[in-house]
Peer 1: 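Following this message is one structure expressed as structure tokens.
All values reported here derive from a predicted model rather than from experimental measurement. Residue numbers start from 1 in every chain, and the chains themselves are labelled A, B, ... in the order their sequence lines are given, proteins ahead of strands. Computation of the quantities below employed the complete heavy-atom set of this structure, encompassing side-chain atoms and omitting hydrogens, waters and symmetry-equivalent molecules.
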Amino acid sequence: MKENVQQILDHFHIEQFQHDLIHWFVKEQRDLPWRKEKDPYKIWVSEVMLQQTRVDTVIPYFYKFIEKFPTLDALAEAEEKEVLKAWEGLGYYSRIRNLHAAVKEVKEKYDGCVPASKEQFSSLKGVGPYTTGAVLSIAYDIPEPAVDGNVMRVLSRIFYITDDIAKGSTRKKFEQLVSCIIAHDNPSDFNQALMELGALICTPKSPSCFLCPVQRHCRAFAEGAEGKLPVKTKGKAPKHVSFRAIVLADKKGSILIEKRPNSGLLANLWQFPNDEHAPTADDQAFIKEISERYGVVIRSVQQIGTFQHVFSHVVWHIEAYKGEAIGLTVDVPTRKWVTIEELASYAFPVVYQKIWQAYE
DNA sequence: TATCCGTGGTG
DNA sequence: TCACCAAGGAT
């Protein structure tokens, strides 16, 4: 915001706004599984799952995850393989790697009790400014701002703020603003109400201003400018990567799988053999490449389909094959032959799940 | 600061 | 159909 926070708040009725907003939230909020109790661990899990992920997508994952890891200790003691499997298909897998590490640290350093200290909690892996404010306010009623995309959209309209919300520095300014208007007697409902309003009423496209509980406080509505806000510049176009992948089975029906590196895209997930780093020209070159790289003898191959998968910043184009191979012994932990039953216990990226479906 | 990091829903 | 999007964080 070009102006300072004091100027923005001129003539703004803070207490009336808090009341209108919270009254609406108490009455109209959705019945979500993580709102049934105030267990800091469950609030934390929900907030991590909800990062860049829709509520409807998260709900079934949340139920399964809490059923499998009901307490912080249970998650801390779980194996990486189980934890990653529970996250399979949710995306942004560094979230669960960081959450698992963070929970272990809480078990060790804080006796398994999620710290209510801003400094301590925010120092944990995967816990940034938003998650800090969300967990501390919702679970512990501490008046910290929890500024996400919803909050920036809602407040940019209410205060007619034209700063680019795609820029990192903008979030800090919104945090200053929220610090001034947050309801100290009910920071939990206040923060959740701002996000709920963004999700249900103050939506990105065609917001339902006629239903808005804080319409009378909204400067964008008064100006008829809600459609122009928030200001958000768009990112660069994703790059395209083409390669081939193959589902290899031996005579017994075992399948060769490979674990991806522990950092980068789809870290620690499993996949089928591919020539991602050495795209091949034809079938013979592909067979040769796979044979050498994976140390297998391939008898025959057959194409089973082409797949396109769009990530945030890259698009994969995969030609998928199936083939028979002689199951030579693999001596690295990141590659193994597994039975089809065992296959189900390994976490795969969605695009490789689709390739597996085409194989079956 | 800009880029990397997934997936599925939607107008 | 496809550009945009959804309760961000790490580097």
Peer 1: Ignoring backbone atoms, establish whether A:R153 has a side-chain N or O less than 4.0 Å from OP1 or OP2 of C:dA6.
Peer 2: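 A:R153 to C:dA6 OP1/OP2: side-chain N or O found under 4.0 Å.
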Peer 1: For C:dC4, does either OP1 or OP2 sit under 4.0 Å from a side-chain N or O belonging to A:K234?
Peer 2: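 True: A:K234 side-chain N/O within range (under 4.0 Å) of C:dC4 OP1/OP2.
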Peer 1: Figure out the CD/P separation between A:Q51 and B:dT7, and round it to whole Å.
Peer 2: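 Result: 16 Å.
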Peer 1: Using 30° and 60° as the class limits, which term best fits the ring planes of A:H240 and A:H317: parallel, tilted or perpendicular?
Peer 2: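 It falls in the parallel class, under 30°.
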Peer 1: If the test is side-chain hydrogen bond (donor to acceptor under 3.5 Å, both in side chains), which one of A:R335, A:E289, A:E258 qualifies with A:Y294?
Peer 2: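 Per the side-chain hydrogen bond (donor to acceptor under 3.5 Å, both in side chains) rule, the option paired with A:Y294 is A:E258, out of A:R335, A:E289, A:E258.
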Peer 1: Nearest whole angstrom, please: distance from the P of B:dG6 to the CG of A:L50.
Peer 2: 18 Å
Peer 1: Grab the CG-C1' distance between A:L265 and B:dT3 for me, whole Å please.
Peer 2: 13 Å
Peer 1: Using 4.0 Å as the upper bound for N to carboxylate O, is an ion pair formed by A:K288 and A:E292?
Peer 2: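 Answer for the salt bridge query: yes.
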Peer 1: Give a yes/no on whether any side-chain N or O of A:K205 is located under 4.0 angstrom from OP1 or OP2 of C:dA3.
Peer 2: no
Peer 1: What about A:Y92, does its side chain sit under 3.5 Å from the base of B:dG6 through a donor-acceptor pair?
Peer 2: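 In this structure, the two groups form a donor-acceptor pair.
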Peer 1: Between A:H309 and B:dT7, does any side-chain N or O lie under 4.0 Å from OP1 or OP2?
Peer 2: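 True: A:H309 side-chain N/O within range (under 4.0 Å) of B:dT7 OP1/OP2.
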Peer 1: May I ask you to evaluate whether A:H313 reaches the phosphate of B:dT3, defined as a side-chain N or O under 4.0 Å from OP1 or OP2?
Peer 2: no
Peer 1: Under a 3.5 Å threshold, yes or no: a donor from one side chain and an acceptor from the other, between A:D163 and A:T170?
Peer 2: no
Peer 1: Output the rounded distance in Å from CZ (A:F311) to P (B:dG6).
Peer 2: 7 Å
Peer 1: Could you pick out which residue, A:S206 or A:A267, lies toward the 5' side of DNA chain B when each is mapped onto its nearest nucleotide?
Peer 2: A:A267
Peer 1: Using the P atoms only, state how far B:dG6 lies from C:dT11, rounded to an integer number of Å.
Peer 2: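 To the nearest whole Å, 14 Å.
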Peer 1: Would you mind reading off the distance between A:Q308 atom CD and B:dG6 atom C1', rounded to a whole angstrom?
Peer 2: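 It is 15 Å, rounded to the nearest whole Å.
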Peer 1: Name the residue closer to the 5' end of DNA chain B, choosing between A:V314 and A:K167 according to the nucleotide with the nearest heavy atom.
Peer 2: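 On the 5' side of the pair lies A:K167.
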Peer 1: Has the side chain of A:T57 got a donor or acceptor atom sitting under 3.5 Å from an opposite partner on the base of B:dG8?
Peer 2: no
Peer 1: Hey, does A:W316 reach any base, or is it just sugar-phosphate, or nothing, if we go heavy atoms under 4.0 Å?
Peer 2: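 Contact class for A:W316: none.
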Peer 1: Take atom P in C:dA6 and the same atom in B:dC4, then report the distance between them in whole Å.
Peer 2: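 To the nearest whole Å, 22 Å.
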Peer 1: Nearest 0.5 angstrom please: A:K259 NZ to A:L266 CG, how far?
Peer 2: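 These two atoms lie 13.5 Å from each other.
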